[in-house]
Student: 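Have a look at the structure that comes next, please.
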Amino acid sequence: MRPTSYRDLTCADARLEEVGKPATLAGWVNRRRDLGQLIFLDLRDRYGITQVVIDNADSPEAHAIAEQVRPECVVRVSGTITKRLAGMENDKLDTGDVELRATEIEILATAKTPPFVINDPAAEVDESIRLKYRYLDLRRGPLQRRIVARSRMVKAIRDAHDAAGFVEIETPLLIKSTPEGARDFVVPSRLQPGSVYALPQSPQQMKQLLMVSGFDRYYQIARCLRDEDLRGDRQPEFTQLDLEMSFVDDTDVMAWVEEMCLAVTKAVRPDRPLLNDPFPRFSFREAIDRFGSDKPDVRYGMELRDLGDLAAASGFRVFESVLDAGGRVVGLAAPGLGGLARKQIDELTELARKAGASGLVWLALDGEGGIRGSIVKVVGEEMAHRLAAAAGAGPGDLVLIVADRDITAQEVLGTLRVELADRHEMYDRSVLSYVWVYQFPMYHWDEDNARWDATHNPFSAVLPEDEALLTTNSGDPAVASPEDPAGRARAQQYDIALNGWELGGGSVRFHTREMLSKSFSLMGHDLEAQEEQFSGILEAFEYGAPPHGGIALGVDRWIALLTDQSNIREVMAFPKTSSGSDLMLDAPSPVHADQLAELGLMLQPRIGRDRSSD
RNA sequence: GGACCCGUAGUGUAGUGGCCUAACACGCCAGCCUGUCACGCUGGAGAUCGCCGGUUCGAAUCCGGUCGGGUCCGCCA
């Protein structure tokens with residue numbers, strides 16, 4: 001570090017090479033050890049800790065000031081870097097061979113006793129207190145290291161894109177509200193009373209317009225805002241790596257993202273083993289059928305098996321009726337869990353119910369060819385053994401079987417698969433495993449509104465070979481039914497997952513007004529509504545839009561995964577609570593009457609507290 | 001919108017109907033100490049048990065409500 005007028009060295013710089021040199025250091029007092037005539041201070045900054053010795057024999061003035069010093073005071077100390085006395089080295093400190101022998105101390109700022117211990121990184125503190133005093137929490141090592149890792153990640157992202165010819169472009173935060181997707185945060189306009197801006201849920205439309213402009217490789221570290229309920233992996237404002245490329249198909253985008261992800265991972269966590277290079281690619285169908293998830297964790301096995309053929313002849317009525325209704329019977333084998341206690345199996349059944357299944361069938365194999373389980377009496381031992389074998393089970397294994405609608409059955413089992421792997425530690429947690437899932441269905445049937453809705457992004461293009469499916473049986477897009485060919489159309493959509501977490505998703509977009517318009521019509525937007533909501537992009541597409549596609553990756557989730565955190569609050573400097581509050585700034589806060597008046601707004605009086613959904 | 005969990009000195013915990021005049025550790029304050037590094041030793045201060053109401057002879061403890069925090073479902077690219 002370059003010296004400043006306050007300091008010559010950081011608290012990590014004091015090393016044997018500096019011995020004998022006069023130096024001034026500045027930082028926070030981590031600890032004080034007062035031995036009477038001799039006082040030790042551990043001086044801390046974000047780089048490290050250096051021990052300061054104040055000997056009354058050297059400087060009575062400095063000693064007198066050192067007696068006043070308290071933990072977390074900000075001080076500046078001048079003296080000489082000296083080698084420690086033989087046998088007094090501290091191998092727990094990088095600077096433990098030396099110390100600063102002080103001749104002068106200046107207290108730059110006093111400090112109240114902090115609400116929680118700063119100098120013990122292992123100290124557990126209630127999160128609401130950490131959030132209220134976030135600036136103190138950020139003084140502590142663990143959070144500070146994660147914020148630094150995040151900075152390294154963003155730099156690695158910028159370096160990779162810059163080297164590959166991408167242009168970083170900032171897009172506006174005040175944009176137009178659209179009803180698609182999540183609920184918008186809305187900002188009232190003062191200059192145009194009664195009208196509002198929306199804060200962007202993502203720079204989606206802007207980046208597509210940039211493609212029309214010819215910025216064929218764009219990226220941005222973009223803040224995105226969504227007014228939805230929070231979760232451990234969801235904050236109302238979060239950061240995405242947003243990128244878009246022209247003259248590409250899905251394989252081109254995936255190839256770039258893969259290369260970039262590897263570079264970023266190696267820059268941030270060179271120590272963690274990577275399971276897959278190149279990243280495996282699963283169609284949505286394959287991911288669901290093999291792992292019961294569209295973001296599979298492939299660090300462990302326990303893949304799902306289709307048991308439909310056997311189940312049809314099993315004599316178990318539940319299986320047969322599910323299959324008759326077009327459902328699926330799927331199973332998985334959990335290695336070595338044949339001896340699982342009945343109580344734990346009941347817990348799994350409860351979990352399966354919560355995940356949406358009506359029940360869970362289990363079979364447990366012992367080591368001597370015996371089998372027990374919920375349906376052994378009904379189907380007989382031989383059929384039970386055949387089902388277990390078909391699920392891939394051997395002696396000592398546990399088989400779980402779910403019969404339900406297609407996709408639901410697999411997803412329930414997928415939930416149990418993750419739970420079993422976590423609970424029984426079936427994999428190495430340090431391993432990183434990126435996977436692609438692609439060829440998602442274009443649309444899903446929206447029961448409530450009896451119409452097709454985009455599974456992901458409404459701008460995603462259809463796979464070329466499925467183009468003919470963008471239609472309804474009636475021929476009229478306004479008269480849709482769940483049996484329409486549109487339900488079978490697959491999108492040029494790809495999601496990237498890391499260790500079972502959704503990291504990002506993107507697609508090749510429609511780049512002609514005709515195709516985009518056709519897709520919007522299928523989703524029940526009449527021409528007038530399209531013009532109203534998407535006039536900008538629809539018009540732009542009439543002026544020569546290149547084929548293009550892109551992706552957005554959740555930066556918060558990504559760095560959380562790379563730093564072993566299960567909550568993105570742990571990688572954000574100033575996050576919000578699950579009710580959307582900022583405990584440090586006490587936001588949101590009531591609005592002043594004159595602010596409202598200026599905006600031409602009135603608050604609706606609320607009677608009671610049960611109107612909050614209005 | 002719903003379900004569940006948590007709330008006791010500054011911090012982390014113990015106490016789950018009377019043994020509580022609320023305990024322990026760290027921190028804090030004062031004194032002593034020249035080689036400590038989680039310094040040590042001696043002494044001290046600090047809590048109306050989140051808030052409101054109820055049950056009870058008696059409530060930190062049981063019940064209802066409320067506020068705050070967390071996890072999940074709904075919602076959400």
Side-chain angles (χ1 to χ4, degrees), chain A residues 30-43 49-58 63 67 70-72 84-93 95-96 99 101 112-133 136 180-184 200-204 222 224-236 238 240 242 295 351 353-356 415 440 454-460 493 495-496 502-507 550-554 557 566-567 569 576-581 583 586 609-614:
Chain A
N30 198 56
R31 280 177 203 280
R32 187 177 72 119
R33 292 177 293 280
D34 186 346
L35 278 64
Q37 296 302 298
L38 197 61
I39 297 174
F40 294 95
L41 300 180
D42 287 341
L43 195 62
I49 287 178
T50 295
Q51 174 166 280
V52 175
V53 205
I54 303 101
D55 191 332
N56 195 30
D58 291 351
H63 185 266
E67 282 185 322
R70 290 292 176 270
E72 300 310 317
R84 289 197 187 188
L85 301 177
M88 294 299 160
E89 299 86 359
N90 184 349
D91 55 15
K92 286 185 220 156
L93 287 181
T95 60
E99 60 197 3
R101 186 157 274 274
K112 292 206 289 190
T113 301
F116 51 86
V117 257
I118 309 290
N119 55 23
D120 179 4
E124 295 207 5
V125 183
D126 187 82
E127 199 180 352
S128 58
I129 294 168
R130 291 176 54 205
L131 287 172
K132 179 167 183 190
Y133 299 95
L136 294 180
E180 286 295 330
R183 198 177 284 120
D184 282 325
Q201 300 175 24
S202 83
Q204 182 65 33
C224 302
L225 301 108
R226 290 176 193 159
D227 188 7
E228 296 292 348
D229 287 7
L230 289 80
R231 285 286 189 284
D233 59 354
R234 269 167 31 196
Q235 284 269 313
F238 59 101
Q240 286 194 336
D242 189 55
K295 41 181 189 289
L351 209 68
R353 288 221 173 85
K354 271 191 194 158
T415 304
F440 283 80
T455 303
H456 286 88
N457 185 312
F459 300 97
S460 296
Q493 162 81 34
D495 275 10
I496 187 168
E502 181 188 332
L503 195 60
S507 62
I551 197 168
L553 274 70
R557 288 183 184 180
S566 56
N567 197 306
R569 286 193 299 268
K576 303 208 168 24
T577 69
S578 68
S579 61
S581 297
L583 296 180
D586 193 25
R609 295 200 67 264
D610 52 339
R611 306 278 318 274
S612 51
S613 63
D614 287 1

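Lettering of chains follows the sequences in order, A, B, ..., and the numbering in each one begins at 1.
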Student: So what does A:A57 touch, heavy atoms closer than 4.0 Å: a base, only the sugar-phosphate, or nothing?
Tutor: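 Base contact.
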Student: It should be established whether A:R70 places a side-chain nitrogen or oxygen under 4.0 Å from OP1 or OP2 of nucleotide B:C29.
Tutor: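 It does, given that an N or O in the side chain of A:R70 lies less than 4.0 Å from OP1 or OP2 of B:C29.
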Student: Quick check: do A:T577 and A:S128 have side-chain heavy atoms less than 4.5 Å from each other?
Tutor: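 In short, these two side chains do not touch, never coming nearer than 4.5 Å.
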Student: For the base of B:U36 and the side-chain ring of A:F40, does the geometry meet a stacking cutoff of under 5.5 Å between centres and under 30° between planes?
Tutor: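 Here the ring of A:F40 and the base of B:U36 are stacked, with centres under 5.5 Å and planes under 30°.
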Student: Between OG of A:S202 and CZ of A:F238, what distance do you get to the nearest 0.5 Å?
Tutor: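 Interatomic distance, A:S202 OG to A:F238 CZ, rounded to 0.5 Å: 8.0 Å.
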Student: Classify A:A552 by what it touches in the nucleic acid, base, sugar-phosphate, or nothing, heavy-atom distance under 4.0 Å.
Tutor: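 Touches nothing.
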Student: Of the options B:U36, B:G12, B:U34, whose atoms approach the side-chain atoms of A:M88 most closely?
Tutor: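 Between B:U36, B:G12, B:U34, the one nearest the side chain of A:M88 would be B:U36.
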Student: Looking at the base of B:U11, is there any donor atom on it, or on the side chain of A:E124, that sits under 3.5 Å from an acceptor on the other one?
Tutor: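 No, the side chain and the base share no sub-3.5 Å donor-acceptor pair.
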Student: Both distances under 3.5 Å, Watson-Crick or G-U wobble: report the partner of B:U36, or none.
Tutor: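 None - no nucleotide pairs with B:U36, as no candidate has both distances under 3.5 Å.
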Student: Return the nearest nucleotide to the side chain of A:L583; candidates are B:A38, B:G68, B:U34.
Tutor: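 Closest nucleotide among those given: B:G68.
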Student: Calculate the interatomic distance between A:E67 atom CD and B:C32 atom C1'; express it in whole Å.
Tutor: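 The answer, rounded to whole Å, is 12 Å.
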Student: Is there a Watson-Crick or G-U wobble partner for B:C4 with both distances under 3.5 Å, and which nucleotide is it?
Tutor: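 Base partner found: B:G70.
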Student: Given B:G74, B:U11, B:G69, which nucleotide is nearest the side-chain atoms of A:R231?
Tutor: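 Shortest atom-to-atom distance from the side chain points to B:G74.
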Student: For A:R84 and B:G35, give me the distance from atom CZ to atom P, rounded to whole Å.
Tutor: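 These atoms are roughly 15 Å apart.
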Student: Nearest whole angstrom, please: distance from the P of B:C37 to the CG of A:D34.
Tutor: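 Rounded to the whole Å, the gap is 14 Å.
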Student: Give A:Q204 one of three labels, base, sugar-phosphate or nothing, depending on what nucleic acid heavy atoms sit under 4.0 Å from its own.
Tutor: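 Here A:Q204 touches no strand at all.
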Student: Does a donor on one side chain sit under 3.5 Å from an acceptor on the other, for A:Q51 and A:R31?
Tutor: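 No, A:R31 and A:Q51 have no side-chain donor paired with an acceptor closer than 3.5 Å.
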Student: Of the listed nucleotides (B:G70, B:G10, B:C76), which one gets closest to any side-chain atom of A:E228?
Tutor: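 In terms of side-chain proximity for A:E228, the closest of B:G70, B:G10, B:C76 is B:C76.
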Student: Answer yes or no: is there a donor N or O on one side and an acceptor on the other, between the side chain of A:H63 and the main chain of A:G36, under 3.5 Å?
Tutor: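 Indeed, once roles are kept as given, a pair shorter than 3.5 Å links the two residues.
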Student: Taking 4.0 Å as the cut-off, does a side-chain nitrogen or oxygen of A:S581 come that near to OP1 or OP2 on B:G68?
Tutor: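 No, outside the criterion.
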Student: Tell which nucleotide pairs with B:C19, taking only Watson-Crick or G-U wobble pairs whose two distances are both under 3.5 angstrom.
Tutor: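 B:C19 is unpaired by these criteria.
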Student: Of the nucleotides B:U71, B:G35, B:C28, which has the atom closest to the A:P71 side chain?
Tutor: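 Per side-chain heavy atoms of A:P71, the pick is B:C28.
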Student: Is A:K112 close enough to B:G10 that one of its side-chain N or O atoms is under 4.0 Å from OP1 or OP2 there?
Tutor: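 False: A:K112 side-chain N/O out of range (4.0 Å or more) of B:G10 OP1/OP2.
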Student: Could you go step by step and tell me if A:N457 and A:Q204 meet the side-chain hydrogen bond (donor to acceptor under 3.5 Å, both in side chains) rule?
Tutor: CA-CA 9 Å; A:N457 185 312; A:Q204 182 65 33; 3.0 Å; yes
Student: For a quick check, tell me whether the side chain of A:Q37 and the base of B:G35 share a donor-acceptor pair closer than 3.5 Å.
Tutor: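 No, no donor-acceptor pair under 3.5 Å.
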Student: Can you tell me which nucleotide in B:U36, B:G70, B:G27 comes closest to the side chain of A:T113?
Tutor: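 Closest nucleotide among those given: B:G27.
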Student: So A:R226, base contact, sugar-phosphate only, or nothing? Heavy-atom distance under 4.0 Å.
Tutor: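 Answer is sugar-phosphate: A:R226 comes under 4.0 Å of backbone atoms only.
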Student: Report yes if a side-chain nitrogen or oxygen of A:R130 is closer than 4.0 Å to either non-bridging phosphate oxygen (OP1 or OP2) of B:U11; otherwise report no.
Tutor: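 So the side-chain polar atoms of A:R130 never come under 4.0 Å of the phosphate oxygens OP1 or OP2 of B:U11.
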Student: 5'-most contact on RNA chain B: A:S579 or A:L85, nearest heavy atom basis?
Tutor: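 Final value for this comparison: A:L85.
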Student: Less than 4.0 Å between a side-chain N and a carboxylate O, is that true for A:E72 and A:K112?
Tutor: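 Salt bridge absent between A:K112 and A:E72.
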Student: Assign A:E72 to base, sugar-phosphate, or nothing according to its heavy-atom contacts below 4.0 angstrom with the strands shown.
Tutor: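 Touches nothing.
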Student: OP1 or OP2 of B:G69 less than 4.0 angstrom from a side-chain nitrogen or oxygen of A:T577, does that happen here?
Tutor: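 So the side chain of A:T577 is within the cut-off, an N or O lying under 4.0 Å from OP1 or OP2 of B:G69.
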Student: Only pairs with both distances under 3.5 Å count, Watson-Crick or wobble alike; so what is the partner of B:C28 in this structure?
Tutor: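 B:G44 - that is the nucleotide pairing with B:C28, both distances being under 3.5 Å.
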Student: With respect to the side chain of A:D229, which nucleotide from B:G12, B:G1, B:G70 is positioned closest?
Tutor: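 Looking only at heavy atoms from C-beta outward on A:D229, the closest nucleotide is B:G1.
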Student: May I have the distance from A:I39 (atom CD1) to B:C33 (atom P), rounded to whole angstrom?
Tutor: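 Value for this atom pair: 12 Å.
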Student: Below 4.0 angstrom from OP1 or OP2 of B:C41, is there any side-chain N or O of A:R33?
Tutor: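 Checking B:C41 against A:R33, no side-chain N or O comes under 4.0 Å of OP1 or OP2.
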Student: Quick one: A:L230 CG to B:C73 P, roughly how many Å, whole number?
Tutor: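 After rounding, the reported distance stands at 14 Å.
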Student: What is the pairing partner of B:A14, taking Watson-Crick or G-U wobble pairs with both distances under 3.5 Å in any strand?
Tutor: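 Paired with no nucleotide.
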Student: Rounding to an integer number of Å, can you tell me how far A:L38 CG sits from B:C39 C1'?
Tutor: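 Answer to the nearest Å: 11 Å.
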Student: What is the nucleic acid contact for A:I129, judged by heavy atoms within less than 4.0 Å: base, sugar-phosphate only, or nothing?
Tutor: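 Answer is sugar-phosphate: A:I129 comes under 4.0 Å of backbone atoms only.
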Student: For residues 85-93 of chain A, dump all side-chain donor-acceptor pairs below 3.5 Å to protein atoms at least two apart in sequence or in another chain.
Tutor:
unit_1	atom_1	unit_2	atom_2	d
A:E89	OE1	A:G87	N	3.1
A:N90	OD1	A:K92	N	2.9

Student: At less than 4.0 Å, is any side-chain N or O atom of A:N119 found next to OP1 or OP2 of B:C37? Yes or no.
Tutor: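 For A:N119, the contact criterion (side-chain N or O under 4.0 Å from OP1 or OP2 of B:C37) is not met.
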Student: Looking only at the side chain of A:L35 (C-beta and beyond, no hydrogens), which of the listed nucleotides B:C76, B:U34, B:G12 gets closest?
Tutor: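 From the listed options, B:U34 comes nearest.
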Student: Go through the structure and list residues passing salt bridge (charged side-chain N to carboxylate O under 4.0 Å, His left out) with A:D184, not counting sequence neighbours.
Tutor: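 With sequence neighbours excluded, A:D184 shows a salt bridge (charged side-chain N to carboxylate O under 4.0 Å, His left out) to no residue whatsoever.
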Student: With P as the reference atom in both, quote the distance from B:A60 to B:U8 in angstrom, rounded to an integer.
Tutor: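 Straight-line distance between the two P atoms is 15 Å.
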Student: To the nearest Å, give me how far apart CD (A:Q51) and P (B:A38) are.
Tutor: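 Nearest whole value for this atom pair: 10 Å.
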Student: Counting distance alone, no hydrogens or angles: does the base of B:C37 have a donor or acceptor under 3.5 Å from a partner atom on the side chain of A:R31?
Tutor: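 Absent.
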Student: Is A:S578 near enough to B:G69 that one of its side-chain N or O atoms lies under 4.0 angstrom from OP1 or OP2?
Tutor: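 Negative; the distance criterion is not met.
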Student: Counting only side-chain heavy atoms from C-beta out, which of B:C28, B:U71, B:G35 sits nearest to A:R569?
Tutor: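 Of all the options, the side chain of A:R569 is nearest to B:U71.
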